[in-house]
**Student:** 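Quick one: the structure is below, and I'll ask about it shortly.
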Amino acid sequence: MPYTSNDIKRVEEKWQKYWSEKKIFRSAMDAGKQKYYVLEMFPYPSGKIHMGHVRNYTIADVIARYKMMNGFNVLHPMGYDAFGQPAENAAIKRGVSPSDWTYKCIDDMREGLKRMGFSYDWGRELATCDASYYKWNQWIFLKMFERGLAYKKSSSVNWCPSCETTLANEEVINGQCWRCKNEVVQKDLDQWYLKITHYSESLLEDLKKLNNWPSRVIAMQENWIGKSYGCDIYFKIKNHNDTITVFTTRPDTIFGATYVTLAPEHPLVKKISKGTPHEKSVLAFIEKAANTAKSLRMSGEERKEGVFTGAYAVNPVNGEEIPVWIGDYVLMEYGTGAIMAVPTHDQRDFEFARQHKLLMRVVIKDPANPNATPDTMAKAFEDAGVLVNSKQFDGTSNEEAKKKISDWMTAQKIGKGSVHWRLRDWLISRQRYWGTPIPMIYCKTCGVVPVPENHLPVELPKNAPITGEGGSPLAKVKEFVNVKCPKCGKDARRETDTMATFFDSSWYFLRYTSAHNSKEIFDVKEAAYWMPVNQYIGGIEHAILHLLYSRFFTKFLKDLKLISASEPFDRLLTQGMVLKDGEVMSKSKGNVVDPDEVIGKFGADTLRMFILFAAPPEDQLEWNPAGLEGNWRFVNRVWNAVEFRYTRGAAAQGPMDEQDKKLELERNAAIKRVTESMEGGFKFNTAISGIMVLMNAIDKYQPNPGDARKAALLDKAIETTVLLLAPFIPHVAEELWQMMGKKDASVAFIAWPQFDEAALVTDTVRIAAQVNGKVRGEFVVPRDADEAVLRPIVLADEGVQRHVAGKEIKKFIVVKNKLVSIVV
RNA sequence: GGGCAAGUGGUGGAAUGGUAUACACGAAGGACUUAAAAUCCUUUGGUCGAAAGGCCUUGAGGGUUCAACUCCCUCCUUGCCCACCA
C-alpha cells in the first residue's frame, strides 16, 4: 500500500509517542561532545499555533535534527513568553483569570507543537508567568538596582486619559490608544528605567562581531543606537546667568546661527520668558505641545510651529545677540533639547525661519550656485562647500572646518567636541496586572527600599480586580500593597507597577540551560557549556527591541561574572512571513490557513516539507495548495520506493556498468548538494531539490529483477534518500527506516551520510564551446583535456566551423572541464 | 529624507564570473481505466523557420571581460525598517 491519509495519523502519532516516551531529545551537558544550541524565539501563548509559528519552528527543527545526525550534542528547548496584555483583555472581556486563560493557551500551544513533530527537550519547558521564572526577573532587577542600572525618574510618557494607564510606544496607533481609540497625551510620571545606555558603546561596537547576522538587522540596530559625533556649544543668555548648551553635528555652520530653538519642555523656557510680553504665548505653546500626542508631534508634519521667548542668546563666535525661540520640532529627548538654527544650511531651520520671518545668512558657498542669497534660496543648502562669512575660517572646506572650528571652540572654552546617542534608557514600568511585580518598597522613613533577595519572589496576587480602568490593578489589592519596611519594620507600600514583558524575554535563553534551578538564576557551568546560542531563529519584527535588550542583558550578566559570552546569539536567521494571496496571513484579513487542517489532510511531514521547499527561509512564502500537493506526491514516491523496490538483499559485489556508475554518481552528488545547502546557510529549498534529483535518478534506474548486485546498489541509494530526508520529514523517515528492517531504534541519531569525492569524478566531461561569447557547440571530452587535445576536436565541429571558417582565431581559452572560448 | 533588501519563464524559485531558467507547481498531449481519481510517459522562456538552424531574453541604460543574473556606474520600480535625531 502506498502512504495513504490513513497512514498519516498512524505513523505520525506512533513516532510522536515514541519520541516522547523514550525522551530521546533530552539533552545533557557532555564535555566530550561538541554542543550546538539551536533556539527559536519562544511564542506568546495566544491559543493554537499559526503558520508563522510552523515556519519558524520547522526551520529550527530541521537544523536541530541535522546537527544531531552530524554528531553534535544539541540543545533545542521550548517555552512560553507568557506575560502580556492579551491575557488581561481576555479577563476583561470574558471574566476568566489571566492565569487560567494563559495556561489553557499554553496547553493548546504545546499540543500543536507536538503534532508538528518538533525535536524539543520538553524537560526544559518554561513559562515566564511562573513565579519560579519571574523570581529571577526580580533578582536581575535588584542586581541592576544595586549597580545603579535600574533607577526611577520622572519623565514624559504616553498616557491614555480614558484607560488611565501609560502605554508603550507600540501601543499607540496614529496617536490613539490601541484599545479605546482615544487621543494619547504626554504626562509626567515617576517610572522605572533600565540604564541600557551604560552599554551604548559596546552594544554598537560588538555589532561588528556579529558576522552571521543579517546585515539589515545590524543596520537597524546601528541606526537605533545612533551614535553621532559633533559639538556642544555654549550660548549665554542676555541678562541672565544661564547658558544654553546646544548640540550640533555641523559646527562648521556656527557663523550662520541666527537664532536658537529650545524644545517646549526645556527647563530654561519658563525662566527666560518670565516677565516678558511673550510669557503668555510661551505658556500656551507649552501647554499645547504637552497635549499633543508624541507620535503626532513626531510624525514629520511639514509645518513647524513655534513662538519667541522674549530672550536673546549670545553667539559665542561673533558676539551676536540672537533670539531664543521654542519650537515643536526640537525634541527634549535628543541631544541637549536645544539647537542652534542655521536656516541656510538645515532644511527644518529653513522652513521655520521662512515661516516666522527670521534672519538667515549664507556661510557655505554652494559650488553650483555661488551667488545664492537667503532671498533667492528655494531650500537649505546642506551639501559640501567652502566657508564664507566665517571670519578666520573663510575659504576652508566645510568638512575641514568641522574639526577646526570644534578644536578652536574647545580651546576658547565656548564649546566642546562631543558625542550624542539616540539610544535612550528603557522605561519598564507598566500599570498592568499580568507581568512581573517590580520588587521595590516605599517607606516614609527609609525611602525606596529594595525587597531583600530572600523574600523573592514577590508573587502576583491572584485576586486583583481587572477592569481596564482606574490604573494599576495591583494598587487595589490591599494585602499586596501594604507591607512592612524591610529596613525599619514600619508600615510601607509596595511598588504596584509591573515590568514590561520584554524584560522576561531578555534572558530566557540562559534559563533554558538549567530551567529548574531553584537556587540560582541558572547553573554557571551549564551556561558556560551551552552559551552562546549557535543559531537563533525568529521574525524580523524583533530586530531592534528583543534582540537589543537580550544583548544588553547578556552584557550585564557578563559583568556579574555569571557568563563569559559577551553576545547571546552567534548566528541569526530571520524567517520571512507566510502570505496568502499576496497578503500576510492574519485573522483580521480572514486569510489564515489552519495548520491543523493541513496536518489532518497531508500530515505534518508534508506541511514541513512544503514550507521549506517553497522559498528560501528568509524570503516571504506564498501559500500554494498545489505546491503542497506536489510535496505530498513526493513523500509518496519515496514511500513507494521503499515499499516496492527496496529488497533488503545482502550486499553483493561486482564491477559497475555505466548505469550503475550513474546512480552512484547521483547518490554522491546528492549528498554533496544537500550537505552544502545546509552548511552554506541552511538553504532548505535547494537541499530538498537535491534530494528530488536523486529520487528522479532512482526512478530511472530499472535493473532486471533478480540482479542481486544492482538491487544492493538500489537499496543503498534508497537508504541515502531516507537519511537525507530524515531532518525534513522525521515521522515518515522513522517509519521507512523501520520498514527497511533497520535495527536502530530511531533514525534521528544515525550518522549523516558522507559522499565520496572519487565517485564524483567521471572519465569524461561535457563541455561547451563558445565563439565570440556565444555557445556554438557541446562536446564530451576526456577529463582534464588541455588545449592540444581540445583544439582539433572543437574546430572539427560543424557548428563551430560555421562561425569560425575563414576568420582568424585570435584567442583560444580553455576553462578545464567547463568550456572553451574562441575569439575570432 | 536616511538605511537595508529585492527585481530571472505562466507561478514559486535555481545558478556569486564559465552551457541562464536546476527542482517543483501549473498547462498541453499521450498511456492505463467502462469512467474518474491516482500513477506513469512526452512537451513546455520568447520569436522566425517545414527542418537544419537563426535571432532575442535575468527591471532599464552604459561600462569592465574571451565570457556578466553575478563585478562597476547611472536610473526606474517594489517591499521592509527608521525618521522634525540637530
Side-chain angles (χ1 to χ4, degrees), chain A residues 2 4 214-224 226 228 230-231 246-250 253 261 263 297-305 327-331 333-342 346-349 351-352 382 420-424 540-541 543-544 574 576-577 609-610 613-616 618-631 633-634 636-637 640 673 677 683 685-693 695-696 699 766-779 798-799 802 810-824:
Chain A
T4 65
S215 59
R216 63 174 174 149
V217 175
I218 302 282
M220 280 157 87
Q221 292 217 355
E222 269 170 6
N223 259 327
W224 189 264
S228 66
C231 205
V246 307
F247 172 65
T248 183
T249 54
R250 295 292 305 273
T253 63
T261 313
R297 193 174 139 192
M298 293 173 73
S299 67
E301 292 291 311
E302 286 306 307
R303 212 173 149 74
K304 310 233 174 306
E305 303 289 350
D328 59 2
Y329 73 102
V330 180
L331 308 171
E333 308 84 69
Y334 187 75
T336 59
I339 61 162
M340 63 172 204
V342 186
D346 181 285
Q347 185 58 23
R348 290 154 308 170
D349 297 343
E351 285 165 24
F352 191 85
E382 296 180 328
H420 282 259
W421 302 82
R422 191 185 166 284
L423 184 68
R424 287 163 222 162
I540 186 75
E541 66 274 18
I544 294 169
T574 51
M577 304 261 195
M609 195 173 196
F610 164 71
F613 180 64
E618 296 87 352
D619 290 8
Q620 294 190 329
L621 180 135
E622 175 69 30
W623 185 259
N624 175 8
L628 183 71
E629 286 193 48
N631 284 105
R633 286 199 291 268
F634 179 73
N636 257 283
R637 276 175 67 201
N640 289 342
R673 264 197 307 269
S677 289
K683 305 290 178 210
N685 53 332
T686 53
I688 291 170
S689 79
I691 306 172
M692 287 171 166
V693 172
M695 197 58 219
N696 290 344
D699 278 354
R766 183 177 290 268
I767 66 161
Q770 296 183 335
V771 181
N772 285 350
K774 290 198 170 180
V775 178
R776 297 299 181 187
E778 258 183 38
F779 306 89
E798 196 187 328
R802 235 198 316 271
K810 286 185 180 159
K811 277 187 184 175
F812 192 95
I813 297 158
V814 176
V815 182
K816 256 187 193 168
N817 303 326
K818 288 223 163 115
L819 55 66
V820 299
S821 185
I822 302 166
V823 185
V824 297

**Student:** What contact category does A:Arg673 fall into here, base, sugar-phosphate, or nothing, at under 4.0 angstrom with non-hydrogen atoms?
**Tutor:** nothing
**Student:** Give me the distance, rounded to whole Å, that separates B:C82 from B:C71 when you measure between the C1' atoms they each carry.
**Tutor:** 30 Å
**Student:** If you measure from the P atom in B:A6 to the same atom in B:G13, how many Å do you get, rounded?
**Tutor:** 13 Å
**Student:** Would you call A:Arg766 and A:Phe779 a side-chain contact if the rule is heavy atoms closer than 4.5 Å?
**Tutor:** no
**Student:** Determine the contact category for A:Gly630: base if any of its heavy atoms lies under 4.0 Å from a base atom, sugar-phosphate if only primed atoms, P, OP1 or OP2 are that close, otherwise nothing.
**Tutor:** sugar-phosphate
**Student:** Report yes if some heavy atom in the side chain of A:Ile767 is under 4.5 Å from a heavy atom in the side chain of A:Glu778; otherwise report no.
**Tutor:** no
**Student:** Look at all strands and tell whether A:Arg766 reaches a base, only sugar-phosphate, or nothing, counting heavy atoms closer than 4.0 Å.
**Tutor:** base
**Student:** Taking only the C1' atom of each, what is the distance from B:A28 to B:G10 in whole angstrom?
**Tutor:** 13 Å
**Student:** If you measure from the Lys or Arg side-chain nitrogens to the Asp or Glu carboxylate oxygens, is any gap between A:Arg637 and A:Asp699 under 4.0 Å?
**Tutor:** yes
**Student:** Between B:A14, B:U19, B:C85, which nucleotide has the shortest distance from any of its atoms to the side chain of A:Arg424?
**Tutor:** B:C85
**Student:** Would you mind classifying the nucleic acid contact of A:Pro214 as base, sugar-phosphate or nothing, using non-hydrogen atoms under 4.0 angstrom?
**Tutor:** nothing
**Student:** Side-chain donor-acceptor pair under 3.5 Å between A:Ser677 and A:Thr686, yes or no?
**Tutor:** yes
**Student:** Looking at every heavy atom in both A:Val824 and A:Val771, which two are closest together, and how far apart are they?
**Tutor:** CG2-CG1, 4.3 Å
**Student:** For the pair made of CZ in A:Arg216 and P in B:G2, what is the distance, rounded to whole Å?
**Tutor:** 20 Å
**Student:** Rounded off to whole Å, could you give me the CD1-to-P distance for the A:Ile544 and B:C85 pair?
**Tutor:** 16 Å
**Student:** Figure out the CZ/P separation between A:Phe352 and B:C84, and round it to whole Å.
**Tutor:** 16 Å
**Student:** For A:Gln770 and B:A68, give me the distance from atom CD to atom P, rounded to whole Å.
**Tutor:** 8 Å
**Student:** Taking pairing as Watson-Crick or G-U wobble with both contacts under 3.5 Å, can you name the mate of B:C85, or confirm there isn't one?
**Tutor:** none
**Student:** Looking only at atom P, what distance separates B:C75 and B:A24, rounded to whole Å?
**Tutor:** 42 Å
**Student:** Could you check whether any side-chain N or O of A:Arg422 sits under 3.5 Å from a backbone N or O of A:Trp224, counting only pairs where one atom can act as donor and the other as acceptor?
**Tutor:** yes
**Student:** At 4.0 Å (heavy atoms only), tell me whether A:Phe812 reaches a base, stays on the sugar-phosphate, or touches nothing.
**Tutor:** nothing
**Student:** Send over the distance from A:Asn223 CG to B:C4 P, rounded to a whole Å.
**Tutor:** 9 Å
**Student:** In this structure, how many angstroms lie between the P atom of B:A86 and the NE2 atom of A:His420, rounded?
**Tutor:** 11 Å
**Student:** Applying a 4.0 Å non-hydrogen cut-off, can you work out what A:Lys774 is touching in the nucleic acid: base, sugar-phosphate, or nothing?
**Tutor:** sugar-phosphate
**Student:** Might you point out which heavy atoms bring A:Asn685 and A:Phe613 nearest each other, and give the distance in Å?
**Tutor:** CB-O, 3.5 Å
**Student:** Would you indicate which nucleotide in B:U19, B:C56, B:C23 comes nearest to any side-chain atom of A:Val693?
**Tutor:** B:C23
**Student:** Nearest whole angstrom, please: distance from the C1' of B:C23 to the CG of A:Asn631.
**Tutor:** 11 Å
**Student:** Taking for each residue the nucleotide of RNA chain B with the nearest heavy atom, is it A:Met692 or A:Lys811 whose nucleotide lies nearer the 5' end?
**Tutor:** A:Met692
**Student:** Mind checking the C1' distance from B:G17 to B:G12? Whole angstroms is fine.
**Tutor:** 27 Å
**Student:** May I ask you to say what A:Asn685 touches in the nucleic acid, namely base, sugar-phosphate or nothing, with a heavy-atom cut-off under 4.0 Å?
**Tutor:** sugar-phosphate
**Student:** Looking at every strand, decide which applies to A:Glu622 at a 4.0 Å heavy-atom threshold: base, sugar-phosphate, or nothing.
**Tutor:** nothing
**Student:** What's the gap between B:A22 and B:C72 when it is taken at their C1' atoms, as a whole Å value?
**Tutor:** 29 Å
**Student:** NA contact type, A:Val815, heavy-atom cut-off 4.0 Å: base, sugar-phosphate, or nothing?
**Tutor:** base
**Student:** Send over the distance from A:Arg348 CZ to B:G2 P, rounded to a whole Å.
**Tutor:** 13 Å
**Student:** For A:Asn696, report the nucleic acid contact type (base, sugar-phosphate, nothing); a contact means any heavy atom under 4.0 Å.
**Tutor:** sugar-phosphate
**Student:** Select one nucleotide: of B:G26, B:A24, B:C84, the one nearest the side-chain heavy atoms of A:Arg633.
**Tutor:** B:G26
**Student:** On the nucleotide B:A38, are OP1 or OP2 found under 4.0 Å from the side-chain N or O atoms that A:Arg637 carries?
**Tutor:** no
**Student:** Nearest nucleotide by nearest heavy atom, which residue falls closer to the 5' end of RNA chain B, A:Pro616 or A:Ile688?
**Tutor:** A:Pro616
**Student:** Looking only at atom C1', what distance separates B:A68 and B:A15, rounded to whole Å?
**Tutor:** 13 Å
**Student:** Taking 4.0 Å as the cut-off, does a side-chain nitrogen or oxygen of A:Ser689 come that near to OP1 or OP2 on B:G13?
**Tutor:** no
**Student:** Roughly how many Å apart are B:G26 and B:U77, using the P atom of each and rounding to a whole number?
**Tutor:** 36 Å
